[in-house]
Amino acid sequence: MIGTDISFAKKLFLRSDLVAIPTETVYGLAANAFDTRAVLKIYEVKNRPQFNPLIIHSNSIERFESWGIQMSDRLLKLAHKFSPGPLTYVVKKSDMIPDIITAGNDTVAIRIPNHEMTLELLSQLDFPLAAPSANPSEYVSPTTAQHVEDQLSKKIKYVLDGGPCNIGLESTIVDLSRDKVRLLRLGAISKEQIEECLNEKIEDLLVSDNILAPGMMKRHYATSHKIIFEEFVELPTVTKKTRAIRFNKYSPLLPESQQILLSKDSNLYEAASKLFAVLRELDKMDLDFIIAEKFPNETIGRAINDRLNRAASNN
Ligand code: TXA
Ligand code: MG
């Protein structure tokens, strides 16, 4: 069921049930993070391997402090600038955080999402919400309530509808748990923005299939069609069942009616917000393959390329 009733969502959390919640990045599949039975349901519903830890969400950095999370200078600086917002911090875990959340690691990922309805909900709860993206494991993340309902309606009772996600790509993840700061996932907040805020260089861990960010394994964002980058390979012959995902201009390679422009106005943020919905739409069609172009490798364009690369590497 889809709706906008925050009190109903609250009731479900108190009964160890799951609720899908809107955020500015993607929809999350949420449970009371302190309720192990509820958190186990997240893994079950998503078919997510239990070695892949979860992000916990709340409405202010002080609340995380009240749950035992140590406030470092770096965390406070970044949170002051970017939270609420699309940045997730990996920090030392506290004893109050159950091991099921962190997959046994000694770190935990925390985030304050920038979405009015969800901030209101979080402010009314006396626990954080564990929430991975509300998609079956390895599929693209949902950016509307209907996307969640399409795939999980039989498995969860309620989807809190906060409209389409503004950003449309998952949060940037930065690891603050070690001496050196490391970037674990690209999102709307860029590496440069983090470096500028901290006034130090940070490391890039994006290429590794490391268990430190297990969800960054290559096999992710899988849709059923083959995605081919037009810049890099000899293209197979274009057919009527070919589609192209493009930034702002049509390609001469195929009819315009077979192409999707993500932003006619050349706005990378607009393109990012549409990408996952377009991948889902194309997935419903009977296609031979999809051609994608490389987006400008700047700001959120880099995160778009990252997600397209992962989707393409599944074929
Ligand atoms: O935008 C987002 O971050 C969304 C919304 C719902 O907040 N959530 C999201 O969660 O994308 P999920 O579970 O789909 O992706 C979280 C990523 C996974 O790759 C996971 O492995 C990584 O964060 N992660 C979680 N805890 C971690 C930790 N302690 N250390 C390193 N990586 C961690
Ligand atoms: Mg995910």
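Both ligands and their constituent atoms are indexed starting at 1 by order of listing. Keep in mind it's a predicted model, so treat the numbers as computed, not measured.
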Q) Can you check whether R48 has an N/O within less than 3.5 Å of an N/O in ligand 1? A) yes
Q.
Assess whether a salt bridge exists between R246 and E230, defined as any Lys/Arg side-chain N lying under 4.0 Å from an Asp/Glu carboxylate O.
A. yes
Q | Under 4.0 Å to a heavy atom of I55 - the qualifying atoms of ligand 1, by number | A | 3 (O), 8 (N), 9 (C), 10 (O), 16 (C)
Q | Parallel, tilted or perpendicular: rings of W67 and F34 (30°, 60°) | A | perpendicular
Q. Would you find a donor on one side and an acceptor on the other, under 3.5 Å apart, between the side chain of S263 and the backbone of L268?
A. no
Q) For K93, is the nearest heavy atom under 4.0 Å from an atom of ligand 1? A) no
Q: Given side chain to side chain donor-acceptor pair (under 3.5 Å), test S16 with D35 step by step and report yes or no.
A: CA-CA 7 Å; S16 300; D35 180 344; 2.6 Å; yes
Q. Do any of the N, O or S atoms of S133 sit under 2.8 Å from the Mg ion (ligand 2)?
A. yes
Q) Given the rule in the salt bridge (charged side-chain N to carboxylate O under 4.0 Å, His left out) test, do R302 and E192 qualify, once you have shown the distances and angles that lead to the verdict? A) CA-CA 12 Å; R302 260 186 280 165; E192 289 73 22; 2.9 Å; yes
Q) Atom CG of L125 and atom CZ of R63: how far apart are they, to the nearest 0.5 Å? A) 7.5 Å
**Q.** Nearest option to atom 26 (N) of ligand 1, as decided by whichever heavy atom of A134, A130, P53 sits closest
**A.** P53
Q) Got a salt bridge between E170 and R307, using NZ or NE/NH1/NH2 to carboxylate O under 4.0 Å? A) yes
Q: Identify which of T25, T88, T107 has a heavy atom lying nearest to atom 28 (C) of ligand 1.
A: T107
Q. Counting from 1, what ligand 1 atoms have a heavy atom of S171 closer than 4.0 Å?
A. 1 (O), 2 (C), 3 (O)
Q: For A109, take its heavy atoms, then give the atoms of ligand 1 lying under 4.0 Å from any of them.
A: 25 (C), 26 (N), 27 (C), 29 (N)
Q) Below 4.0 angstrom, N of the basic side chain to O of the carboxylate: do K41 and D17 qualify? A) yes
Q. Is the shortest side-chain N to carboxylate O distance from E200 to K77 below 4.0 Å?
A. no
Q. N52 heavy atoms, cut-off 4.0 Å: which ligand 1 atoms fall inside?
A. 18 (C), 20 (C), 21 (O)
Q | Polar proximity ligand 1 side, T23 side, N/O cut 3.5 Å exclusive | A | no
Q.
I'd like to check which ligand 1 atoms, numbered from 1 as shown, lie under 4.0 Å from a non-hydrogen atom of E170.
A. 1 (O), 11 (O)
Q. Is there a heavy atom of P113 sitting under 4.0 angstrom from any atom of ligand 1?
A. no
Q) Can you find an N/O atom of Y27 closer than 3.5 Å to an N/O atom of ligand 1? A) no
Q) Would you say V26 touches ligand 1, if touching means a heavy atom closer than 4.0 Å? A) yes
Q) Looking only at distance, does S133 have an N or O less than 3.5 Å from an N or O of ligand 1? A) yes
Q. Salt bridge or not for D306 and R310, using N-O below 4.0 Å?
A. yes
